[in-house]
Amino acid sequence: MLCLERDDVHPVWTWLAVTGLVIAVALALFGLPPVDLHGPLHGLGVMDPLCGATRSWYLTTQGQLREAIRYNPAAPIILVATVIACARAVVGWVTGRWITVRVSRRISLPHMVVLVITIVALEINQQSHAELLMAPWQR
């Protein structure tokens, strides 16, 4: 349910989104960082669900959505959510009224099943693209 609040009831998410948007802008302007940003099992060929997200965000900011989805299909969705959360923050800071989504703290079994299936599907996708994700960046 959507409602208006006088204060930001999700300040951690707001600042995570602002930080994410700063990172996205930096990627768009300066490209990928010169260091590899991999999880601890990456060298062994085990991809995590976020593997390829940095490259995917960079490619998304360059308008190369098809290529971005190859690296990580969840990353462009997360980037869009980040932009929406930042727009919410701007509206809140300017107007003093924060748009808030109220969600039950208790996650229902069907929602949990969908969440687990989504994460497992993303992990399977990422693992099936391990060769692409382990290859050095060539842009």
Q) According to a 4.5 Å side-chain heavy-atom criterion applied to Ile, Leu, Val, Met, Phe, Trp and Tyr, with indirect links allowed, do W98 and V18 form part of one hydrophobic cluster? A) yes

Q.
To the nearest 0.5 Å, what is the distance between CG on L21 and OG1 on T19?
A. 9.5 Å

(Q) Is there a continuous path of hydrophobic side-chain contacts, each under 4.5 Å between heavy atoms, that joins Y58 to L132? (A) yes

Q | Residues which pass salt bridge (Lys or Arg N to Asp or Glu O under 4.0 Å) with E123, listed by chain and number, not counting sequence neighbours | A | none

**Q.** S56 backbone acceptor or donor facing T60 side chain under 3.5 Å
**A.** yes

Q) Which pair of non-hydrogen atoms, one from W57 and one from G20, has the smallest distance, and what is that distance? A) CZ3-O, 3.2 Å

Q. So how far is it from T100 OG1 to E5 CD, rounded to the nearest 0.5 Å?
A. 4.5 Å

Q. Do I78 and Y71 share a hydrophobic cluster (ILVMFWY, side-chain heavy atoms under 4.5 Å, transitive)?
A. yes

(Q) Using every non-hydrogen atom in the two residues, find where A24 and T61 come nearest and quote the distance to one decimal. (A) O-CG2, 3.7 Å

Q. Roughly how far, to the nearest 0.5 Å, is CD of Q127 from CG of D48?
A. 9.5 Å

Q. Do you know the tightest heavy-atom contact between I69 and P76?
A. CG1-CG, 4.3 Å

Q: Kindly compute the distance separating CD1 (I124) from CD1 (I117), expressed to the nearest 0.5 Å.
A: 10.5 Å

Q.
What I'd like to find out is whether the side chain of L2 reaches to under 4.5 Å of the side chain of I99, using heavy atoms alone.
A. yes

Q. Is there a side-chain contact between T54 and L27, using heavy atoms and a 4.5 Å cut-off?
A. yes

Q) Do the side chains of P73 and Q126 get nearer than 4.5 Å, heavy atoms only? A) yes

Q: Can you tell me which residue pairs pass the side-chain hydrogen bond (donor to acceptor under 3.5 Å, both in side chains) test with a partner in residues 76-90, sequence neighbours excluded?
A: D8-R88, T14-R88

Q.
Could you check whether atom CH2 of W15 has more than 12 heavy atoms from other residues, nucleotides or ligands sitting under 6.0 Å from it?
A. no

Q) For the residue pair N72 and A74, what are the closest heavy atoms and their distance? A) OD1-N, 2.9 Å

Q | Spacing of CG belonging to N125 relative to CE belonging to M47, to within rounding of 0.5 Å | A | 12.0 Å

Q: Search all heavy atoms of H42 against all heavy atoms of M134 and return the closest pair with its distance.
A: O-CE, 3.5 Å

(Q) Applying a strict under-4.5 Å side-chain criterion to I, L, V, M, F, W and Y, I'd like to know whether F30 and V25 cluster together. (A) yes

Q | Transitive ILVMFWY side-chain link L32 to L59, under 4.5 Å | A | yes

Q) What are the two closest heavy atoms between L4 and R97, and how far apart are they? A) CB-NH2, 4.1 Å

**Q.** Distance, nearest 0.5 Å, that separates CE of M112 from CZ of R106
**A.** 10.5 Å

